[in-house]
Amino acid sequence: MTGGFALLLRVMKPPQPDLHALCHSHDLVDGGLACPFDVVYGGQTCRAFAIRYQGVVHAYLNRCSHVAMEMDWRPNHFFDLTGHRLVCASHGALFRPDTGACVGGPGRGPLIKIEVLEHDGVVFWRSQYNLQPVSF
Ligand code: FES
């Protein structure tokens, strides 16, 4: 998180109380690097990531459905060379960027999707009963 974005978080209110600021909209380039963030999922602190694909932001837990390992092959790199699949670095499972559905390799189901929305140039993720922000 950049210093400017950390300052923005301190001064802005989210449009709804279950939304949590994640990054600036312009931080996510179509098919480019992901924006990482931390969540508490089922009581465990987990890494998550947001990407932009065909103009729309999507977010997932950074946890492969094959083995519960983080997937990026270099920090924040999730897209394969086609730019149309997310690839797990460990054994090559492939996932659709827009739904998280597994479409190749040894994955055992979809990625765990996190609801996101963009508002006034900021990307937010939405918490749920089993998905909460990390408290400091
Ligand atoms: S851990 Fe992701 S493909 Fe095996």
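Looking at Ser65, its side chain does come within 3.5 Å of a backbone N or O of Gly109 through a donor-acceptor pair. When atom types are taken as modelled, the side chain of His77 and the backbone of Pro75 share a donor-acceptor pair closer than 3.5 angstrom. The backbone N or O of Gly100 lies less than 3.5 Å from a partner atom in the side chain of Tyr60, making a donor-acceptor pair.
Contact detail for Met71 and Asn62: the closest heavy-atom pair is N-OD1, 2.7 Å. Between Ala50 and Val57 the shortest heavy-atom distance is CB-CG1, 4.3 Å. Nearest heavy atoms, Arg126 versus Leu117: NH2-CD2, 3.6 Å. What you find for Ala21 and Val122 is that their closest heavy atoms are CB-CG1, 4.1 Å. Residues His91 and Pro106 share a closest heavy-atom pair of O-CD, 3.7 Å. In plain terms, the two heavy atoms of Phe79 and His84 that are nearest each other are CD2-N, 4.4 Å.
Using a 4.5 Å heavy-atom cutoff, the side chains of Asp27 and Cys35 are not in contact. By the 4.5 Å heavy-atom criterion applied to side chains, His66 and Cys88 are not counted as neighbours. Using a 4.5 Å heavy-atom cutoff, the side chains of Ser90 and Val67 are not in contact. Put simply, the side chain of Lys113 reaches to within 4.5 Å of the side chain of His58, judged on heavy atoms. Looking only at side-chain heavy atoms (C-beta outward), Val87 and Phe78 stay at 4.5 Å or farther from each other.
Between His20 and Trp125, the ring planes lie tilted relative to each other; the angle falls in the 30° to 60° range.
The distance from atom OG of Ser127 to atom CD of Gln132, rounded to the nearest 0.5 Å, is 5.0 Å. The CD atom of Glu115 sits 7.5 Å away from atom CG of Leu19, with the distance rounded to the nearest 0.5 Å. The line from OG of Ser25 to CG of Asp120 is 9.0 Å long, rounded to the nearest 0.5 Å. Here Cys46 contributes atom SG and Ile114 contributes atom CD1; the two are 8.5 Å apart, rounded to the nearest 0.5 Å. Atom CG of Leu86 and atom CG of Asp80 lie 8.0 Å apart (nearest 0.5 Å). One distance of note links CZ of Arg96 with SG of Cys102; it measures 12.0 Å at 0.5 Å rounding.
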Next item on the list: Show your working on side-chain contact (heavy atoms from CB on, under 4.5 Å) between Arg85 and Phe95 and close with a plain yes or no.
Entry: CA-CA 6 Å; Arg85 295 289 180 255; Phe95 302 91; over 6 Å; no

Margin query: Arg47 vs Asp38, test: side-chain contact (heavy atoms from CB on, under 4.5 Å). Steps then yes/no.
Written below: CA-CA 5 Å; Arg47 302 288 285 165; Asp38 292 328; 2.7 Å; yes

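In this structure, the side-chain contact (heavy atoms from CB on, under 4.5 Å) partners of Ile112, at least two apart in sequence or on a different chain, are Tyr41, Leu61.
Only one option out of Val123, Ile51, Leu33 pairs with Leu28 in a side chain to side chain contact (heavy atoms under 4.5 Å, CB included); it is Val123.
A ring-centre distance under 6.0 Å is not found for Phe37 and Phe49.
Note on Arg52 versus Asp30: no salt bridge recorded, every NZ/NE/NH1/NH2 to OD/OE distance being 4.0 Å or above.
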